[in-house]
Novice: 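Before I ask anything, let me first share the structure, which is written out below as structure tokens.
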Amino acid sequence: MSMRQSGRMHAHQGFVRAFPALEAMIGGFDSTDMPVVIADARAPGLPIIYTNEAFTTLTGYTAEEAAGRNCRFLQGAGTDPLTVTRIRDAIFAGRPIAADILNYRKDGSPFWNALSLAPVNGEDGRPRFYFSCQLDAGGRRLDLNRLEQDANAMQGEIAAKAQALEISAVAMNQAINEKALLIDELQHRVRNNLQMISAMIGIQIHTLADAPETSALARLHHRVNALCAVHRRLHQPSSPATFDLAEFLSDHVPDVVSAYSDGLVALSITSEPAVLNSASATPLALIFNETVTALLRAMPTGLAGRKLSVELSKSGTAISVTLTGNSGGAPTDDGGSWLKYADHTLIEALVRQAKAAIVWAKIENVIVVEIHIPAEAT
Amino acid sequence: MIVEDEAILSLDLEQMLIDSGHAVVGIAATQKQALLLAETHHPDLALVDLQLSDGPTGIAIARHLATHGRTNVVFMTANSAMLPEDFAGAIGVISKPYVTSGVNAAMAFLQEGVLRPPPVLKKPASLELSKFYSGRWFPPAG
């Protein structure tokens with residue numbers, strides 16, 4: 001069946017139009033690398049009448065083995081029936097067709113066949129032969145497969161990631177809830193413990209009555225109460241990690257004033273909301289407690305005209321608080337009232353911790369203390 | 001009356017109340033003791049902690065007292081987030097850790113509110129009122 005002849009076919013379109021020159025053209029197929037099959041369009045079952053060497057190389061079937069069979073013999077279990085139908089329809093309609101079809105080699109291994117099939121019409125205008133060339137589309141098909149696989153893999157990965165994300169979101173929510181519960185519980189315990197400490201000091205003060213130690217205990221009580229004032233607000237559900245200094249001042253300063261004065265010290269507090277981070281809350285609360293206590297203690301008791309004013313002002317994110325203690329008409333205390341009554345060790349340590357600055361001045365019977373709070377505390 | 005299971009806290013609070021001129025009819029640490037104390041003495045006010053020695057029974061005590069007898073309830077708790085929306089019929093809550101001045105201010109205000117409502121004093125920051133009492137004592141203008 002093999003019709004080996006010399007000559008080279010450059011374009012099969014030429015062959016298609018040159019049916020009378022079929023024999024001559026076939027010679028060209030023998031030496032081409034492109035697998036070529038020619039089937040008889042007029043014989044029943046459209047038997048193969050020619051295959052070239054490249055076909056044998058591709059499929060493993062020799063020309064003798066292929067001859068007389070229908071092209072279907074290359075199909076197998078994995079061949080898409082729809083593609084087969086498309087090719088068959090084209091053949092019956094006498095149309096050319098190109099299709100990628102899964103074929104099987106003689107050894108049973110599958111390959112993607114990029115099939116181009118065209119009828120070669122006889123002189124009567126009806127198909128006389130079917131000419132088809134096959135190409136191993138393995139690479140191309142593989143790429144498509146790989147693309148598809150990649151797409152599938154990516155889709156899988158995306159789905160997995162989405163799921164993982166969802167799981168971690170749930171876990172995170174759970175963790176956040178657990179953390180919130182834990183913080184609530186911790187804060188609850190801190191508040192209860194502070195209450196216990198405050199109560200113990202309160203009881204002790206009461207037991208000692210007018211003993212000299214009570215004044216020291218009372219100062220300690222106010223330090224603890226300053227912490228109480230901080231922790232009543234800190235970590236309330238509404239404002240988890242911030243602390244309003246203005247609120248603290250209007251809460252705690254009157255408390256200290258009522259404890260350290262005979263009720264005749266006029267108090268004025270001027271402030272605007274000044275929100276600090278929770279880390280700065282404790283040292284600053286204690287600084288203000290110490291300062292207010294010292295200013296009040298520096299005032300001689302019994303005199304009219306004593307005043308304490310607290311003014312909070314903001315400049316950008318920096319906060320300044322000016323505390324002014326006016327001892328009324330009392331003679332100035334040359335010992336330096338502020339120096340004498342303030343616990344400097346404590347105040348300096350707290351000022352360092354809060355990275356704040358404190359300056360004070362005494363003019364006659366007025367002591368002015370300015371506390372500058374850095375922007376980083378806000 | 002004081003309903004608190006921490007002995008030190010109730011002792012300190014009792015002293016604060018006595019110092020500011022109030023009479024304390026007794027201290028209860030459980031629901032049973034609290035209800036018995038209220039039935040026996042009919043105090044004007046019960047200061048009630050949420051967590052007592054028989055469990056978180058403070059809310060049940062408040063609900064009972066709100067509908068039986070004349071005793072009004074104010075919670076004292078470190079965990080006011082645990083309170084039900086309606087404060088279980090209580091007037092309000094004093095948050096722990098409270099201090100003497102805060103308790104004194106709250107008590108002065110409550111004394112007016114309970115005995116000669118509505119209170120004339122400004123509501124102190126140490127006391128948070130329930131929605132019901134807030135609306136009752138400070139009706140919105142118009």
Side-chain angles (χ1 to χ4, degrees), chain A residues 180-181 183-207 209 218 221-240 244 246-261 263 267 269 289, chain B residues 2-22 24 27 29 47-53 56 58 75-85 92-109 121-128:
Chain A
L181 282 176
I183 289 173
D184 274 358
E185 180 55 27
L186 275 174
Q187 279 298 321
H188 177 216
R189 289 185 191 192
V190 167
R191 290 186 199 116
N192 274 328
N193 285 337
L194 277 172
Q195 188 72 74
M196 288 289 280
I197 293 164
S198 177
M200 283 190 281
I201 299 169
I203 290 165
Q204 193 68 64
I205 290 170
H206 219 272
T207 310
H221 205 193
H222 281 280
R223 285 171 188 155
V224 171
N225 287 354
L227 293 183
C228 289
V230 170
H231 282 273
R232 262 200 304 277
R233 301 209 157 73
L234 217 55
H235 295 302
Q236 292 287 4
S238 53
S239 57
D244 189 336
E247 251 181 41
F248 167 80
L249 290 173
S250 62
D251 185 7
H252 187 65
V253 174
D255 191 15
V256 180
V257 171
S258 70
Y260 284 99
S261 73
L267 171 66
I269 300 177
N289 178 68
Chain B
I2 296 168
V3 186
E4 166 68 72
D5 64 332
E6 287 284 0
I8 296 210
L9 296 194
S10 52
L11 199 62
D12 179 52
L13 182 59
E14 183 183 30
Q15 202 58 61
M16 279 187 208
L17 295 172
I18 292 169
D19 285 351
S20 58
H22 303 282
V24 179
I27 295 169
L47 296 173
V48 179
D49 186 15
L50 285 186
Q51 187 71 37
L52 300 171
S53 54
F75 285 112
M76 294 186 111
T77 176
N79 203 355
S80 55
M82 291 292 288
L83 286 174
E85 172 102 18
V93 58
I94 294 171
S95 285
K96 285 180 181 174
Y98 49 76
V99 298
T100 310
S101 58
V103 172
N104 288 349
M107 286 302 292
F109 175 86
L121 284 170
K122 190 173 171 282
K123 185 192 80 65
S126 54
L127 175 72
E128 187 191 338

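Labels below follow one simple rule: chain letters A, B, ... track the order of the sequence lines, proteins then strands, and each chain is numbered from 1. From a predicted model like this one, the values you see are computed outputs, not experimental measurements.
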Novice: Verify, without hydrogens or angle tests, whether A/R232 (side chain) and B/S95 (backbone) share a donor-acceptor contact under 3.5 angstrom.
Specialist: no

Novice: Going by the rule side chain to side chain contact (heavy atoms under 4.5 Å, CB included), which residues pair with B/A29 if we only count those two or more places apart in sequence or in a different chain?
Specialist: B/D5, B/Q33, B/S53

Novice: Could you list the residues that satisfy side-chain hydrogen bond (donor to acceptor under 3.5 Å, both in side chains) with A/Q195, not counting sequence neighbours?
Specialist: none

Novice: So, A/H221 side chain and A/S198 main chain: donor-acceptor pair closer than 3.5 Å or not?
Specialist: yes

Novice: A/P254: which residues meet the side chain to side chain contact (heavy atoms under 4.5 Å, CB included) condition with it, sequence neighbours left out?
Specialist: A/L267, A/I269

Novice: Kindly indicate, with the supporting measurements, whether the criterion side chain to side chain donor-acceptor pair (under 3.5 Å) is fulfilled by A/H252 and A/N225.
Specialist: CA-CA 8 Å; A/H252 187 65; A/N225 287 354; over 6 Å; no

Novice: Output the option from B/S101, B/A78, B/A105 having the highest count of non-hydrogen pairs under 4.5 Å with chain A.
Specialist: B/A78

Novice: Write out, in numerical order, the residues from residues 13-22 of chain B with a heavy atom short of 4.5 Å from a heavy atom in chain A.
Specialist: B/Q15, B/D19

Novice: Against chain B, label A/H206 side chain, backbone, both or neither, depending on which of its atoms sit under 4.5 Å from a heavy atom there.
Specialist: side chain

Novice: Looking only at atom types and distance, does a side-chain atom of B/E4 sit under 3.5 Å from a main-chain N or O of B/E6, one as donor and one as acceptor?
Specialist: yes

